[in-house]
Amino acid sequence: MTQKQTLTVRDNRTGDEYELDITDGTIRASDVGKIGKSDEEPGLAVYDPGFTNTASTRSAVTYIDGDRGILEYRGYPIEQLAESSTFLEVAYLLIHGELPTREQHDQWVHDITFHTFVHEDIKTVMRGFRYDAHPMGMLLSSVGALSTFYPEARNIKDPQIRHEQIVRLIAKMPTLGAWSFRHAQGKPYVYPDNDLTYTENFLSMLFKMSEQKYEPDPRLSKALEVLFILHADHEQNCSTNAVRSVGSSQVDPYSALSAGIAALYGPLHGGANEAVLRMLKRIKTKDNVPAFIEGVKNGDERLMGFGHRVYKNYDPRAKIIKKATEDVFEVTGVNPLLEVAQELEKIALEDEYFVSRKLYPNVDFYSGLIYEALQFPPEMFTVLFAIPRTAGWLAQWLELVDDPEQKIARPKQIYTGERQLDFVPAAQRWS
Ligand code: ACO
């Protein structure tokens, strides 16, 4: 017998019964809105701060099974992509929904490579920032500013125009990110080198000085490639939701993405790896780990880089990053904090407190160590996240623009303030 895919709800205020359809494990909020609705009363609504149990969209971009530790882009396991693909191929996959043919790939890489330069006036915009401006603030402002350079971008229903902005954004993000880094150091901005790959060129724009040509160590550019693949998308997280929400007003993609960058800027989203690094520095040596763990168990501390809202198993990205960490340290020399991190992980994975709460290392546990080894100051960590996430934001934005079910984002509220007060003009109130 096939099960009926409905939910029967009895409203005990009235005794009325409602049958709500269940589709893909969800009921429709609009069906809930019919419960108790009358000419005098609005129907029932759902209260869900932080959208912890509300699906805002149908999406075919990224699949996560947090209990099993599975992450797939367009159906492909993250482990296989990190092992054998490149960031630009993954970006193509996210945006187009399928892997490129050789011709499509070559055209895509060519187009991205030849859009890495930004208008010289953007340089003027960036130069206007204070000498100690946070690079993430510079990035979000300069991406927003790009919308004024490409006013045609507002034609979001035109597939060709959309494609041009997607190429521009993926191409120019490393340039803007690298320049925001150089700005804080008082160093000249380095122009893109189109002979290099995406990550090699990024390293060149970050670190090139007086040499004719910057030649990054292939192990470092490969590690960065892997990190970029791991951070390319993560379904409906805070910044993606910001891009979708702002994009639902049909604004141009530069403006929608600058909202995503702003969301990522926040310490609860993009900033955890910096907190891990601070924690490791505070613990200092392997010998201090047991005392620190006791502090965590007593509730005095939090083991940063452990635990995740979605993953209740090993974050699949953490496993891959751990391997990349070893590769980077082969080039840069081992950071003594690695030993502290490994000891923390070893003890925590065996300890009842962490096991029973399903707390495993997340993507941020090792990434800060890699970034530090690559000589990035902590302020750059979120910029390094925003560059690859651009591909995911754009894939999600495209999906939104083409989705006939989507409307302008406009949540409800439960009003808790005063009503119908009589206004007394200031002159009378103060006399
Ligand atoms: N260290 C110690 N205890 C923890 C930790 C941790 N890192 N994370 C969760 N717990 C404990 C909580 O105290 C709670 O214990 P209790 O049941 O005895 O009260 C239990 O585990 C459940 O934790 P919640 O806070 O309810 O889990 P939630 O899903 O809300 O939080 C979060 C997830 C915010 C990621 C949390 O695990 C945390 O703060 N981790 C450290 C910060 C971090 O690494 N953030 C990066 C996340 S990855 C990313 O954003 C890219």
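Counting starts at 1 for both ligands and their atoms, in listed order.
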Any idea which residues sit under 4.0 Å from ligand 1, heavy-atom distances?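 His269, Ala272, Val296, Arg302, Leu303, Met304, Gly305, Phe306, Gly307, His308, Arg309, Lys312, Tyr353, Arg357, Leu359, Asn362, Val363, Asp364.
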Tell me, which pairs form a salt bridge (charged side-chain N to carboxylate O under 4.0 Å, His left out) where one or both residues lie in [range], sequence neighbours left out?
range	value
residues 379-388	none
residues 226-240	none
residues 335-350	Lys322-Glu345

Are Arg127 and Phe129 in a cation-pi setup, meaning NZ or CZ lies under 6.0 angstrom from the ring centre and within 45 degrees of the ring axis?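 No, Arg127 and Phe129 do not form such a contact.
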Do Lys319's NZ or CZ and the ring of Tyr314 fall within the cation-pi criteria of under 6.0 Å and 45°?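 The answer is yes, since Lys319 meets both limits relative to Tyr314.
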Side chain proximity check, Leu139 to Ser141, heavy atoms < 4.5 angstrom: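 No, their side chains stay 4.5 Å or more apart.
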